[in-house]
Amino acid sequence: MVEKITVSPQEVRGYGNVVDEKELEDYGSYRCDVSESSEVIKGVEERIFSVSGVPAPALSIANVTEDTRRGRCAHISASFEDGEGDGLDDKAISLKSGDDVLATITTGSGENVFDVVLYDSAQLYAVFDGDDYYPPAVSEAITVNPAKSLWDVEFILDEEEYEVGDTAILSGTVGTIVDEIVDGEIVTRRQMEANVTLTLVTDLGIRRCSTNANGEFVLQVPNIQQNQWRVVIAATSTHLVFNGLIDVPVHDYSLVISGSENSTAASTILVVGLTDFNSMVEGATISIAGSDGSSYTAVTDSMGGATVNVGRLNGATTFTATYGNVSSTVTVVPPLDWYDASNYTAGSGRMPSSRASSIYLQAVGGRWLNKEFTDSESYVLEFDLILSKNNREGFYFGANPNSNTNSGISIFKDISNTMIETFDSTGTAIRLESSLSGSYFNTGTHHIRIERDYDVAYIYFDEDLIFEFDDEILSYGAEDQMYNTVGILSWGSGIIEFGNFELSD
């Protein structure tokens, strides 16, 4: 007689002698657990057999592909756990869309992922059909909306480099990258796209062409002017718009070379600058050739510039900088070393001598520069005139540097008055002024300033404007131009000295 029966979804128990005496091993199980225990019933300890049902496992899926595209592989992860939250291995799970099975996997200790290729929006769910121990399970559905495909454009130019004005030929193919699942492996291929219209945008206008049956295209671009083009392919029902840039290896170099203001008589510095489409070019090697047979190289920095020290120049030298098919030329007249006595070789009498910061002449003699101190016609020259006596000393301005014959003008003190003279073709003096105060040439240091304004030179002696040298004065003498030279003269006895030269614009 049955004394007690308990039935619930989690447990089935029976008490009493319902059947013949049994052992635990006598019971088989299907999707349940059977266990043995004991319980005191009416004072008698009886054997108890318990049957516990196995709950359905938990199954879920998620799309783990960040940018799902039509025709590309999407990765759908699956989670399969028992009632305790532990993962279940070696279980067959199917991924479905409607009644169609898209993929199957066997769960394992690693990641459980379905690989599927989708071309349209789909509702996906996973199914476990159950086994001898676990009942069937179905995941909640997820919706995957693959975005439109991307155009895949490959191109090549017919030359490695161009110059502005050349004709370029752009060729290439248009395709779509697609995936296939072959024997469980992802196989990626490029599918050529026919009859696709490309638009090429340049600064000279727009050009269009369409791909052939093999996805190929060719575009010819004459008179190229810029180093970047834009390629556009319109969006379709299956593809997004393509809007990309093509870097064109065309150059519009501009090269400049000049002399640096930091140059000195002993050290001439050249400066070069290189741009390409007005952008500074870094790391370019510039070749520099001098008319004196010298050659140099310079590598441009991040600002597109470089400097080269070519040392002391013996005279005006032309330097040509070259990079590719562009060049630039500059003629450098080395800064004059005022205190080098070899620069005063014209004239007659004794040679001048040098001190640390001055040049001096001991009577008797007249010397001026054998080269011009600048080729400009607008400048200010200042220097100090140092006198050891108060007569028969003076200075030159405007003498011909290539002649030993007196020219230009001389300003000096003879016995009592300050004189100004110019010279004819034989070097004979022509008196221009003889009544200026003799105090200008008193013993000591005096400051001379010459301000040249093209055809006129204003000469100041200790801040007094004492003379204007112009075309009328030139007409008296042998020269038809005003030279940028100075010199000193002394006769009788004593020493005249000048120095502290300053030349400015």
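Excluded from the calculations below are hydrogen atoms, water molecules and symmetry mates; all remaining heavy atoms, backbone and side chain alike, are included.
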Exercise. Does the side chain of Arg208 come within less than 4.5 Å of Leu198's, by heavy atoms?
Worked result: no
Exercise. Looking only at atom types and distance, does a side-chain atom of Asn212 sit under 3.5 Å from a main-chain N or O of Gly215, one as donor and one as acceptor?
Worked result: yes
For this session: Locate the shortest heavy-atom distance separating Ser327 from Leu255; write the atom from each residue and the value.
Result: CA-CD2, 4.0 Å
Exercise. Which atoms form the tightest heavy-atom contact between Phe114 and Ala78, and what is the distance?
Worked result: CE1-CB, 3.8 Å
Exercise. At their closest point, which heavy atom of Leu270 faces which heavy atom of Val332, and how far apart are they?
Worked result: CD2-CG2, 3.8 Å
For this session: Measure from the side-chain N and O atoms of Lys371 to the backbone N and O of Leu336, and report whether any donor-acceptor pair falls under 3.5 Å.
Result: no
For this session: Mind checking the CZ-OG1 spacing from Phe217 to Thr197? Nearest 0.5 Å is all I need.
Result: 12.0 Å
Exercise. Can you check side-chain contact (heavy atoms from CB on, under 4.5 Å) on Asn223 and Leu204, steps first, answer last?
Worked result: CA-CA 8 Å; Asn223 191 27; Leu204 297 178; 4.0 Å; yes
Exercise. Given Thr322 and Ile286, is the side-chain contact (heavy atoms from CB on, under 4.5 Å) satisfied, shown in steps?
Worked result: CA-CA 6 Å; Thr322 304; Ile286 311 297; over 6 Å; no
Exercise. Is it true that atom CG of Asp86 has more than 12 heavy atoms of other residues, nucleotides or ligands lying nearer than 6.0 Å?
Worked result: yes
Exercise. Step by step, would you call Arg190 with Asp152 a side-chain contact (heavy atoms from CB on, under 4.5 Å)?
Worked result: CA-CA 8 Å; Arg190 190 167 183 259; Asp152 184 66; 2.5 Å; yes
Problem set entry | Pairs meeting criterion ring pair (Phe, Tyr, Trp, His ring centres under 6.0 Å) with involvement of residues 57-97, two or more places apart | Phe80-Phe128
For this session: Could you tell me whether the side chain of Asn243 reaches within less than 4.5 Å of the side chain of Arg230, counting heavy atoms only?
Result: yes
Exercise. Nearest heavy-atom pair of Ile93 and Ala126: which atoms, and what distance?
Worked result: CG2-CB, 3.9 Å
Exercise. To the nearest 0.5 Å, what is the distance between OG1 (Thr167) and CG (Asp158)?
Worked result: 9.0 Å
For this session: State whether the number of non-hydrogen atoms from other residues, nucleotides or ligands found under 6.0 Å of Asn278 atom CG is greater than 12.
Result: no
Exercise. Taking side chain as C-beta onward, heavy atoms only, is Pro57 less than 4.5 Å from Pro135?
Worked result: yes
Seminar exercise, completed: Output for pair (Leu59 CG, Leu88 CG), nearest 0.5 Å, gives 10.0 Å
Exercise. Asp166 side chain to Glu163 main-chain N or O, any donor-acceptor pair under 3.5 Å?
Worked result: yes
Exercise. Is a donor on one side and an acceptor on the other found under 3.5 Å between the side chain of Glu161 and the backbone of Pro249?
Worked result: no
Exercise. Does Ser263 reach the main-chain N or O of Ile269 with its side chain, forming a donor-acceptor pair under 3.5 Å?
Worked result: yes
Exercise. Are Gln228 and Asp247 linked by a side-chain donor-acceptor pair shorter than 3.5 Å?
Worked result: yes
Problem set entry | CA sep, side-chain torsions, deciding dist, call: Glu216, Thr211, side-chain contact (heavy atoms from CB on, under 4.5 Å) | CA-CA 5 Å; Glu216 300 167 334; Thr211 58; over 6 Å; no
Seminar exercise, completed: All heavy atoms of Pro401 vs all of Thr485, minimum pair found to be CB-CG2, 4.0 Å
Exercise. Measuring from Thr176:OG1 to Arg72:CZ, what's the distance to the nearest 0.5 Å?
Worked result: 10.0 Å
Exercise. Can you name the closest pair of heavy atoms from Ser376 and Arg452 and give their distance?
Worked result: O-NH1, 4.4 Å
Exercise. Do Asn227 and Tyr162 come close enough that some side-chain heavy atom pair is under 4.5 Å?
Worked result: no
Problem set entry | Contact check, side chains of Ser378 and Asp505, non-hydrogen atoms, under 4.5 Å | no
Problem set entry | Value rounded to 0.5 Å, distance of CG in Asn500 from OG in Ser357 | 5.5 Å
Exercise. Within the distance-only criterion (no hydrogens, no angle test), does the side chain of Glu372 pair as donor or acceptor with the backbone N or O of Asn484 below 3.5 angstrom?
Worked result: yes
Exercise. Which pairs pass ring pair (Phe, Tyr, Trp, His ring centres under 6.0 Å) with one or both residues in residues 230-274, sequence neighbours excluded?
Worked result: Trp151-His239, His251-Tyr253, Tyr253-Tyr323
For this session: Report the residues that fulfil side-chain contact (heavy atoms from CB on, under 4.5 Å) with Val308, sequence neighbours left out, ordered by chain and then residue number.
Result: Ile288, Tyr296, Ala298, Val310
Problem set entry | Check: Tyr458 main-chain N/O paired with Asp453 side-chain donor or acceptor under 3.5 Å | no
For this session: Pick out which of Ile76, Val144, Asp179, Asn63 makes a side-chain contact (heavy atoms from CB on, under 4.5 Å) with Val116.
Result: Ile76
Exercise. Considering residues at least two apart in sequence or located in another chain, which fulfil the ring pair (Phe, Tyr, Trp, His ring centres under 6.0 Å) criterion with Trp338?
Worked result: Phe373, Phe501
Exercise. Does any non-hydrogen side-chain atom of Phe319 lie less than 4.5 Å from one of Leu313?
Worked result: yes
Exercise. Measuring from Thr173:OG1 to Met192:CE, what's the distance to the nearest 0.5 Å?
Worked result: 5.0 Å
For this session: Just jot down the side-chain hydrogen bond (donor to acceptor under 3.5 Å, both in side chains) partners of Thr331, sequence neighbours excluded, or say none.
Result: Thr318
For this session: Kindly indicate whether the side chain of Leu200, heavy atoms from C-beta on, has any atom under 4.5 Å from the side chain of Val221.
Result: yes
Exercise. With distance as the sole criterion, is a donor-acceptor pair present between the side chains of Asn195 and Ser210 under 3.5 Å?
Worked result: no
Exercise. Do side-chain atoms of Asn112 reach the backbone of Gly108 as a donor and acceptor pair under 3.5 angstrom?
Worked result: yes
Exercise. In terms of side-chain heavy atoms, does Ser149 have a donor or acceptor partner in Arg70 at a distance below 3.5 Å?
Worked result: no
Problem set entry | Any Thr188 side-chain heavy atom under 4.5 Å of Ile177 side chain | yes
Problem set entry | Backbone of Asp67 reached by a side-chain donor or acceptor of Thr65 within 3.5 Å | no
For this session: Go through the structure and list residues passing side-chain contact (heavy atoms from CB on, under 4.5 Å) with Ala341, not counting sequence neighbours.
Result: Ser354, Ile359
For this session: Please say whether more than 12 non-hydrogen atoms of neighbouring residues, nucleotides or ligands are located less than 6.0 Å from CG in Leu245.
Result: yes
Exercise. Is it true that Lys91 and Asp89 have a side-chain N and a carboxylate O under 4.0 angstrom from each other?
Worked result: no
For this session: Evaluate the criterion side chain to side chain donor-acceptor pair (under 3.5 Å) for residue pair Thr320 and Thr329; output intermediate values, then yes/no.
Result: CA-CA 4 Å; Thr320 301; Thr329 299; 3.3 Å; yes
For this session: Answer yes or no: is there a donor N or O on one side and an acceptor on the other, between the side chain of Thr300 and the main chain of Gly283, under 3.5 Å?
Result: yes
